[in-house]
Amino acid sequence: MSVGLITSVVFIGGGVLWILVQSVKGRDVDRRWIFLFIGSTVALALLFHIRFGEKATPIVKAAFNQIENLPEGASVLIAFDYDPAMEPEVGPMADCFIRHTLARKHKLFLMTLWATGQALMTNTVEDVLKPEFPEAEYGTDYVNLGYKVGGFGVINVVLSDFRAMYPTDAHGTLLDSLPMFNKVRSLRDIDLIISIGGGTPGVKEWVLFAGNRGNIPIVGGTAAVVAPLLYPYYPRQLVGLLGGTKGAAEYESELTGNYDRFKDMDTPALRMMGPQTMAHVVVMAFIIIGNIAYFRSRKREGK
Amino acid sequence: MATGNGNRKSPSNAVKIILVIVAVVFLISWISKATTGMADSTWLNIRDGFLITFAAFLTLSIFSFLYNDNPFYKFAEHLYVGVSAAYWMCLGFWSIIVGNFVPHASKTLSTFFKVPFQEYSWFYYVAFAFGVILLMRLLPKAGWIARWPLAVIIGTTAGFNLSRYLHSDFMSQVGNTFQPLFVDWQGAGHFFSNLSLAADGQLVMSAGNWIVVVGVLCGLVYFFFSKEHKGMFGAASRLGIWILMITFGASFGYTVMGRISLLVGRITFLFDDWLSIL
Amino acid sequence: MLTNQDHSFSKSHPCHIIVIILSFVFSGFGASAQAEDTATVATYSSDISPAVDLPPITLLAVDTDNDNGGSITISWDDAGYSELPQFRGYEILRRSIQANAPVLVGTAPHGSSSLVDKSVSDDTTYVYYVAATVGEERFVSDSSSHVQSTWQIYNTTLTPLLIALIIVGGSVIFFIETAKRGRKLFLRKIAGLEAVNEAVGRATEMGRPILFVAGIADIDDVQTIAGLTILGRLGRTIAEYDTKITMPTRTSLVMTAGRETLREAYMAAGRPDAYSDDMVFYVSDEQFGFAAAVDGILVRDKPAACFYLGTFHAESLIMAETGNLIGAIQIAGTAQPAQLPFFVAACDYTLIGEELFAASAYLSEEPRQLGSLKGQDVGKAVAMMLILAGVLIMTLASMWELDTMNQLQQLMRDLFSLN
Amino acid sequence: MKRQIPMMILSTIGTIFVLAYFSPGLEELEKGGSIFFDVVACFAFFLGGSNLVRVHIQKIARHNPGWGYSIVTLFGFGLMLFIGLFKLGNPLGIAGAPTEPGSWFQIIFQYCVAPLSATMYSLLAFFVASASYRAFRAKNTEATILLVAAFIILLGRTQLGLVMTSWVPDWLSIAQIPNLAVFIMTSPNLAGQRAIMIGIALGVVSMSLRLILGIERSYLGSDS
């Protein structure tokens, strides 16, 4: 147990207890104490780098297992359909998926339906893929198809033929000269699609236009706001789903727990979840205390 | 209570001292930021040091509102209002007037603003004329004529939204509710022999659909205006309001995470970008 | 000549890379077409490959339905070319009847059988060809019949929507007319609206102002207009009670419309002298700049009653919690489902969705306005019946695999998906 | 007259736009409508801006309480307007976008407007906390349902929910908090959202009709 965690727990416990005592005594706690308390909770958690081991929920675990259970050398397509505003939430997911698939020696096809996704995709390749997997060879182990206009229309086309939409990859190399495309003609030759994104086109479009029609398993990663709208597709149309920072954090913990090589990897989502979890606990404590205070006061009035 | 800030007399010595302390703290921050800066030139370091310090000062000024209204918040608020109002006006001028209107109205102006001329369009002149009419508001006698552009806009809004809402919020939502009440039905025998309360089991999934259908119906009953909510109708309306309450509670709970992220973002800015202690 | 045409087309089409590549690959194509001048494409293709014994592709080119013109749909029947081992795809070629040489308008992959050409002009008549590319050879169809694109006056896919409009709109108008003739209407209570007078009264008693925020959207949003119509009724009460009102706005147009509304209200209450333009003022188009200023007004002016009626986003809770802090009576109303929870939690009364649009009718107590509410109820009843019918059909179709049931199910889906 | 003409304009345009939705040939109208709105809204900036300046000059002239802050507003407004309209410090001059990276306009946005906006936004974290302490009390059935739903979802968003109910067997997995949270989001929550949306659609139809028919017209001001 670190000093930081102990300090924070003592702080939160003490604070909650104090507010509880005040409330039970029938004194309304000044909201400034509540403000100070929630602010300090988040600040402490950040300052002491507090993090909790997230255990994957079934829906995230299912995504993890899907990649885990593919045979070595399977073809996996990752779509980066997001913009910088969504990056903090879904960026960590992209890093995880790249790490996991390459560690499993799958072949990676990277593409994006968002103009703004292009730069983010390149960043991920430069910052994660190249330094961590120097052995991965372009054209044999991964390929960057880049961005094409057309939204779900692009999906429609690549469902029957990659070359019709992408005569070349993002660097202008003809697809036919890339070894990865020897056996891959269309999306139907892909073993798994991972769609990362929170807008339109995004996971929903991949499910409707590729998953349903081509019968290809899809794993999704989205911003938290969109996730509830996608739950109805799980587990039949979506094999697994990562919702927001929490989903990303769960995946990070699965990865660090199962792979020695990722033990010390950067885990931005887990880092974000420390303050999140503590703040949630505090908010829940507030709801409970508020109700205890309310019932006490009603009892008193009853007498 | 925060409401009880009372009638403090004119700025006391304490307030002055606080002002001085704050000024000194941020001055020190500026100097230290400027001296530890990484930019190429001293001038850039001084500038960036100031900008970061100023942004931190504004951030803390807004946070100080949580304690009480105070001169720092007032300063930040007034600065925010002035700067942002001008920001939007400039954007409106450059993107709409120069970006859309000028390329359709005048070759000379297009050349002046260095935007490619497109083609003359009478429509833009009409819009321009109505814009001028709106400004008649400034004249006491002709103010009433300014209602014309408002009438055009409100007419457009009413007409267009009528069909659009009926399409996306009425037809589509009614259509989305068409779902079987039994999921994956393979006969009663199969249903009962596999009965379980598993989250992905047939019973729970079917119950979900029942709740959606009954919930939508009862929710609609709640909104009925011209029928007294009594008897069966009253019961349905009561169930309707419960469903609405679950909706509100669930949305509230779900949003908390996003809101905390915002705070994490600001505190990270203060700790990392400004104080460099993370 | 041909290359030029190809090039100008390529600018407007995402597949332009393919087009350019192909125009190089088949550079002989333009030359031969030019040389033969009057010849159509079909002859040139059969010159190259008489070997394969397959009938030519048959094709149909028609104006795209339910659109704004500038689009032709080409569909074809593959005669077996796609089964050939070296099949590479289809090319769709177009020739305006004045011109001799066709241009490539697009390519289609294996398995496809139609393409929408959106690069046509309504003034020109065209013919189309479809070519199957097999290896290095191309098998070109006979030309399609003459076709010209045009725009349609009515979008037939929206017919169900039109029927819904007639039913819902018709019943609203019907009940407005009925109400004119003086039929009494029962209306249930809406707590938030019952409290309006109480709130204004309290502000008068305390000698403190009333804050009114018509949302943060501009005047081109129905919710803002709904907020303003409520202001129209509320303004009369405020003028009668002679209470002060403060209305900060996020946009200048809402300020203008708000002033018109409030002036009219004061006029109607017989207090035009008490009205001043200063009651309504523009703050800043910046969402949170506006929120910061409203918070400032709340803590400094301490209004006794706050009304938040219109479109709100994240600032809803910032305003409502600060208003709660100063102990104001707060009445909110919005049709933003995402913000309703925060208003419900922090305000005394909240108008939920539809109630916001009904509020001005309620407050006006004018029979015609109230009649429209009855019309809305008819709409709800229709919605409920449709849902029941749809659910019944879906359930039955899922339990008994009957063709008629499945057809009915598909029909319901099509009717409501409107495409 | 002062009221009849705008009334007529509104009814005519409203009717045209209701019908335009059904006519592909009139698609351009909708685009025209938004261009019209944009241009008029730009002119409205004159009204809003001049009013802003007038209000604050008045405050300063009358030495109203807090008039000193009005100077801050006017200073910020004037400075930003001057820099923005003349594109001062824009690396690409007049041809550059106003928000060109490195331009003074963009620097002020980045270090003044952006932090202010983000911080104002982040106040929500505090207000969410105070609202949950104060407002989520089981005063009656409705409030209790609201509170329980919120609590389950909150639990489901943290590790706590999973840990607390991980012992629940698979045949009862709906009782596991994360699953229950998903169930609430996708069933009752969805139903409530839909009922609200259908109601809103009807409300908009009815209000638009009242506007187009001229029954609702307070926003157009008075006759005299």
Side-chain angles (χ1 to χ4, degrees), chain C residues 66-68 151-155 158 162 168-169 172-173 176 218 220 222 225-226 228-229 232 251-253 255-257 260-261 263-265 267-268 278 281-282 286 288-289 291-292 314 317-318 321 335 337 342 345-346 352-354 356-358 360-361 368-369 372-373 375-376 379-380 383, chain D residues 18 21-28 34 37 40-41 44-49 51-52 55 65-66 113 116-121 123-124 127-128 130-132 134-136 146 150 192-193 196-211 213 215-216 218-222 224:
Chain C
N66 296 323
D67 72 345
N68 190 20
W151 58 274
Q152 277 73 41
I153 191 139
Y154 174 67
N155 183 349
L158 290 180
L162 187 66
V168 176
V172 170
I173 295 176
I176 289 176
D218 212 333
D220 64 338
V222 245
I225 300 175
L228 289 175
T229 56
T251 72
S252 308
L253 278 173
M255 174 186 87
T256 315
E260 294 288 351
T261 312
R263 186 207 308 269
E264 206 276 334
M267 213 73 103
D278 290 346
F281 53 92
Y282 164 80
E286 170 84 12
F288 289 103
L317 190 67
I318 297 183
E321 270 294 286
F342 301 108
I352 301 166
E354 191 179 2
L356 171 73
F357 300 105
S360 69
R368 289 191 301 169
Q369 296 243 17
S372 70
L373 300 179
Q376 275 167 256
K380 268 166 282 186
Chain D
V18 172
Y21 196 84
F22 294 88
S23 178
L26 293 176
E27 250 168 38
E28 294 292 304
S34 59
F37 173 77
V40 172
F45 276 141
F46 282 103
L47 294 178
N51 188 61
L52 182 85
V55 165
V113 179
L116 282 167
S117 151
T119 314
M120 241 0 248
Y121 200 174
L123 289 187
L124 273 175
F127 289 136
V128 160
S130 67
S132 15
R134 185 179 46 76
F136 282 4
L146 178 90
Q193 301 276 15
I196 293 174
M197 284 169 85
I198 294 174
I200 288 170
L202 294 169
V204 171
V205 169
S206 156
M207 212 194 68
S208 301
L209 278 174
R210 294 204 300 267
L211 289 166
L213 295 175
I215 297 173
E216 182 75 77
S218 53
Y219 53 88
L220 278 181
S222 53
S224 40

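Note on naming: letters A, B, ... go to the chains in the order of the sequence lines (proteins, then strands), and numbering restarts at 1 for each one.
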Any chance you could measure C:I153, atom CD1, to D:F22, atom CZ, to the nearest 0.5 Å?
-> 14.0 Å
Where on C:L356 is there a heavy atom nearer than 4.5 Å to chain D: the side chain, the backbone, both, or neither?
-> neither
Please state whether the side chain, the backbone, both or neither of D:L209 comes within less than 4.5 Å of a heavy atom of chain C.
-> side chain
Which answer fits D:V204, side chain, backbone, both or neither, if we ask what part of it has an atom under 4.5 Å from a heavy atom of chain C?
-> both
Among C:S372, C:G379, C:G232, who wins on heavy-atom pairs under 4.5 Å with chain D?
-> C:S372
CD1 (C:I225) and CG (D:L211) are apart, to the nearest 0.5 Å, by 6.0 Å
What is the distance from atom CD1 of D:I215 to atom OG1 of C:T229, rounded to the nearest 0.5 Å?
-> 13.0 Å
Checked C:L317, C:I173, C:D218 vs chain D; the most non-hydrogen pairs under 4.5 Å come from C:L317
When C:A291, C:A314, C:A265, C:G289 are compared by non-hydrogen pairs under 4.5 Å with chain D, the top option = C:A314
Interchain contact, D:S208 with chain C, by part (heavy-atom threshold 4.5 Å) = side chain
Relative to chain C, which segment of D:I198 carries a heavy atom at a distance below 4.5 Å: side chain, backbone, both, or neither?
-> side chain
Given a strict heavy-atom distance threshold of 4.5 Å, which part of D:V128 is in contact with chain C: side chain, backbone, both, or neither?
-> both
CE-CD distance between D:M207 and C:Q369, expressed to the nearest 0.5 angstrom = 10.0 Å
So how far is it from C:L373 CG to C:I176 CD1, rounded to the nearest 0.5 Å?
-> 9.0 Å
Scored by heavy-atom pairs under 4.5 Å with chain C, the best of D:L26, D:I196, D:L124 is D:L124
Check each atom of C:Q376 against the heavy atoms of chain D and say whether the ones under 4.5 Å are side chain, backbone, both or neither.
-> both
Using non-hydrogen atoms and a 4.5 Å limit, figure out which bit of D:Q193 sits close to chain C: side chain, backbone, both or neither.
-> side chain
Check: D:S206/D:R210 side-chain N/O donor and acceptor closer than 3.5 Å | yes
Partner chain D: residue of C:L228, C:D220, C:V168 with the largest heavy-atom pair count (under 4.5 Å) | C:D220
Search all heavy atoms of C:A226 against all heavy atoms of C:F357 and return the closest pair with its distance.
-> CB-CD2, 3.7 Å
Tell me, out of C:D278, C:L162, C:N66, who's got the most heavy-atom pairs with chain D below 4.5 Å.
-> C:L162
Nearest atoms (heavy-atom pairs only) where C:A346 meets C:E321 | CB-OE2, 3.6 Å
Best-contacting candidate, C:F342, C:F281, C:Y154, against chain D by heavy atom pairs under 4.5 angstrom = C:Y154
Nearest-0.5 Å distance, CD1 of residue C:I352 to CD of residue C:E354 | 11.0 Å
Please identify each residue that fulfils ring pair (Phe, Tyr, Trp, His ring centres under 6.0 Å) with D:F136, with sequence neighbours left out.
-> B:F252
So, the part of C:A383 with a heavy atom under 4.5 Å from chain D: the answer is side chain
